[in-house]
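Since the structure comes first, as structure tokens, the remarks are kept for the end.
The model shown is predicted, which means the values in this text are computed figures rather than measured ones. Naming convention: chains lettered A, B, ... in sequence-line order (proteins, then strands); numbering from 1 in each chain.
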Protein chains: 2
Amino acid sequence: MKPEAASPAYQPLYRQIKLLITEGLESGQWKPGQSIPSELELAKRFNVSQGTVRKAVAELAQENVLVRRQGRGTFVPSHAHERAQAAFLRITPDNAPIHAIHAELVDCCRVKADERSARQLDLDPGASLIRVRRLLSINGRRVICEEARVPAGLFKGLDAAVLESHRCMLYSIYESVFQIRIVAAEERLKALLAGAEIGDFLGLAPDAPVLAVERVAYTYGRRPVELRRGFCNSADHHYANIIS
Amino acid sequence: MKPEAASPAYQPLYRQIKLLITEGLESGQWKPGQSIPSELELAKRFNVSQGTVRKAVAELAQENVLVRRQGRGTFVPSHAHERAQAAFLRITPDNAPIHAIHAELVDCCRVKADERSARQLDLDPGASLIRVRRLLSINGRRVICEEARVPAGLFKGLDAAVLESHRCMLYSIYESVFQIRIVAAEERLKALLAGAEIGDFLGLAPDAPVLAVERVAYTYGRRPVELRRGFCNSADHHYANIIS
DNA sequence: GAGTGGTCTAGACCACTCA
DNA sequence: GAGTGGTCTAGACCACTCA
């Protein structure tokens, strides 16, 4: 492979390699938890130098799409085994580490996408979504009430039975059952009053404040595949963020 | 310079270079807005290869401590000119870009550090702090009520007069008046009720929900130099965050 | 000891900026 | 055209893991 001539669509070699690796991940050629071939092998396969592969892999590792371990290899992170979860669960107790997370299913049903949701998910208005509502407990205390909506077309067969038989984080289920890996997300936070329904779920008065977290979650290639709304009792918990 | 022998304290060459560059920034050898020497010149100066300098600079750029511009050079970002601010102001209007930010001084006084603040700022309990309270307007609407506390020893002369004569973001003032550059921060978010005082400032009922943002801000070498608490009317604004 | 990723060098050439 | 950072190569050696 040679760098192509300058052009409006010019992409450096290592970015093309990056794309090729991403395609391998998307197609399921290398699965979560497994390692991908070594740098030297990929270099041979793509007919570039090891340095170019290294640069591509470094960027993917940077984006948490791959994990490099010196002496062992380069791995596809899994929401299941690893605590790659940690990156997507930003709510933590104020003065303690998380030692247990537990999810209770509230309901799971089909809904039609409203205009905004359709736009956010890149679907036609009125497209069919599956809506999952759950209550999350951290260290035995019910803290978060959340609602996820995903395209029914991508998540065929997602229902209460599947959710009950995989009592873990949703993203582990997306990954293990539907082969969809969440790799990035955008969130918007607001403070709201709980209201009757959410107050009930969280054991709060309707006029208690809750932290509302709206999320658009993305799979490879920045394709949006999930909308989520979480309401958190932030009396003894907070949303943690690191800038820069 | 040669890589030193393996040892418990082994640091690769490029990390040592990184430290040398950071020291140059701290000492004011290269100032915000200015460029640092070219990679080739730094390589000559430190007696390493260009690639090693490149790796050091790349990590610093990654951490937003430097900014690289192809064809022009490598620059020290400034809170003043650039919108490096953007990284530290995560509150934005729900449906519009920010076109104007305005700060009103509420008060500025000396306070004693309580135990927690002293610990967070790495000071002795009871150390003298300067507390600044301000109201921030975004696009002409008062949205945030914030309180910053900084060590009096590092910010000698910070008072109402200085704040009134530099009507801009605090971090610009820290940088231009006190030669202290904020490069990173940790934040904790909660939802609270406004209460009488904050409600007054933001034109909200005392039982309206507000987004509370607590921050510890760091300068080079992850040294904490500011504590901040912000209360935001999140009715038409939100805190934006990108994961991964 | 074989295999992995991590560091470092030297050198070529490219893309971009600016005078 | 000179100077900057960006890409790419080839090759050496190091640190780490695992059998």
Side-chain angles (χ1 to χ4, degrees), chain A residues 1-21 24 30 33-77 81-82, chain B residues 1-21 24 30 33-77 81-82:
Chain A
M1 199 179 287
K2 284 278 175 62
E4 61 187 32
S7 80
Y10 167 74
Q11 281 288 82
L13 244 190
Y14 78 90
R15 283 205 188 269
Q16 301 173 41
I17 303 301
K18 219 180 135 183
L19 209 68
L20 289 172
I21 296 174
W30 308 304
Q34 296 179 344
S35 68
I36 68 171
S38 75
E39 293 178 351
L40 273 171
E41 198 179 322
L42 288 174
K44 248 177 264 166
R45 181 180 311 186
F46 297 136
N47 198 25
V48 298
S49 78
Q50 187 184 5
T52 298
V53 169
R54 189 190 302 284
K55 190 153 185 176
V57 170
E59 278 203 1
L60 290 168
Q62 168 71 35
E63 299 162 12
N64 296 316
V65 171
L66 291 174
V67 173
R68 325 184 69 171
R69 298 194 209 153
Q70 190 178 7
R72 299 189 54 195
T74 300
F75 295 78
V76 187
H81 316 115
E82 331 263 334
Chain B
M1 197 180 284
K2 284 279 176 61
E4 60 187 34
S7 80
Y10 168 73
Q11 281 288 82
L13 242 190
Y14 78 91
R15 283 203 188 270
Q16 301 173 40
I17 302 300
K18 219 181 136 183
L19 208 67
L20 289 173
I21 295 174
W30 308 304
Q34 295 179 345
S35 67
I36 69 171
S38 74
E39 294 177 351
L40 274 171
E41 200 179 321
L42 288 174
K44 248 177 264 166
R45 183 180 307 186
F46 297 136
N47 199 24
V48 299
S49 77
Q50 187 186 4
T52 299
V53 170
R54 189 189 304 284
K55 190 151 186 178
V57 171
E59 279 203 0
L60 290 168
Q62 168 72 32
E63 299 163 11
N64 296 317
V65 171
L66 291 175
V67 173
R68 326 185 69 171
R69 297 192 210 154
Q70 189 178 8
R72 298 189 55 195
T74 299
F75 295 78
V76 187
H81 316 114
E82 331 263 334

Candidates B/Ile21, B/Val76, B/Ile36 - the one meeting side chain to side chain contact (heavy atoms under 4.5 Å, CB included) with B/Leu60: B/Ile21
Value rounded to 0.5 Å, distance of CG in B/Leu42 from OG1 in B/Thr52: 12.0 Å
Separation of C/dG6 P from A/Leu66 CG (nearest whole Å): 12 Å
note: A/Arg15, atom CZ; D/dT7, atom P; distance rounded to Å ~ 7 Å
Measure the distance from CD on A/Gln11 to P on D/dC8 and round it to the nearest whole Å. 10 Å
Round to the nearest Å and state the distance from B/Leu42 atom CG to C/dC8 atom C1'. 17 Å
Within less than 4.0 Å of OP1 or OP2 of C/dG5, is there a side-chain N or O belonging to A/Thr74? yes
Say you draw a straight line from CG of A/Leu19 to CZ of A/Arg15; how long is it, rounded to the nearest 0.5 Å? 10.5 Å
Indicate yes or no: at least one non-hydrogen side-chain atom of B/Thr74 is less than 4.5 angstrom from one of B/Val67. no
Bracket string, DNA chain D, 5' to 3' - pairs by Watson-Crick or G-U geometry under 3.5 Å, | interstrand: ||||||||||||||||||.
May I have the distance from A/Glu41 (atom CD) to C/dG3 (atom P), rounded to whole angstrom? 12 Å
Output yes when A/Lys55 and A/Glu59 qualify as a salt bridge under the 4.0 Å nitrogen-oxygen rule, no when they do not. no
How long is the line joining CG of A/Leu13 and P of D/dC8, in whole Å? 4 Å
Of the non-hydrogen atoms in B/Ser35 and B/Trp30, which two are nearest, and what is the gap between them? O-CD1, 4.5 Å
Rounded to whole Å, please give me the gap between CD in B/Gln50 and P in D/dT9. 17 Å
On a heavy-atom basis, which atom in B/Leu66 and which in B/Pro77 lie closest, and how many Å separate them? CA-CD, 3.8 Å
Report yes if some heavy atom in the side chain of B/Tyr14 is under 4.5 Å from a heavy atom in the side chain of B/Val48; otherwise report no. no
Least distance between heavy atoms, B/Arg68 atom then B/Val57 atom: NE-CG1, 3.6 Å
Among D/dT9, C/dC8, D/dT7, the one nearest any side-chain atom of B/Tyr14 is C/dC8
CD1 of A/Ile36 versus P of C/dG3: gap in Å, rounded? 18 Å
So which protein N/O to nucleotides 16-18 of chain C N/O distances come out below 3.5 Å?
{"residue": "C/dC18", "atom": "OP1", "partner": "B/Arg72", "partner atom": "NE", "Å": "3.0"}

Closest approach to the side chain of B/Tyr10, judged atom by atom: which nucleotide of D/dA15, C/dT9, D/dC8 is it? D/dA15
Within residues 53-63 of chain A, which residues have any heavy atom lying less than 4.0 Å from an atom of DNA chain D? A/Lys55
Nearest 0.5 Å, please: how far is CG in A/Leu40 from CZ in A/Arg54? 8.5 Å
Do the side-chain N or O atoms of B/Ser38 get closer than 4.0 angstrom to the phosphate oxygens (OP1, OP2) of D/dG3? no
Measure the shortest side-chain to side-chain distance between B/Gln11 and B/Lys18 over non-hydrogen atoms and say whether it is less than 4.5 angstrom. no
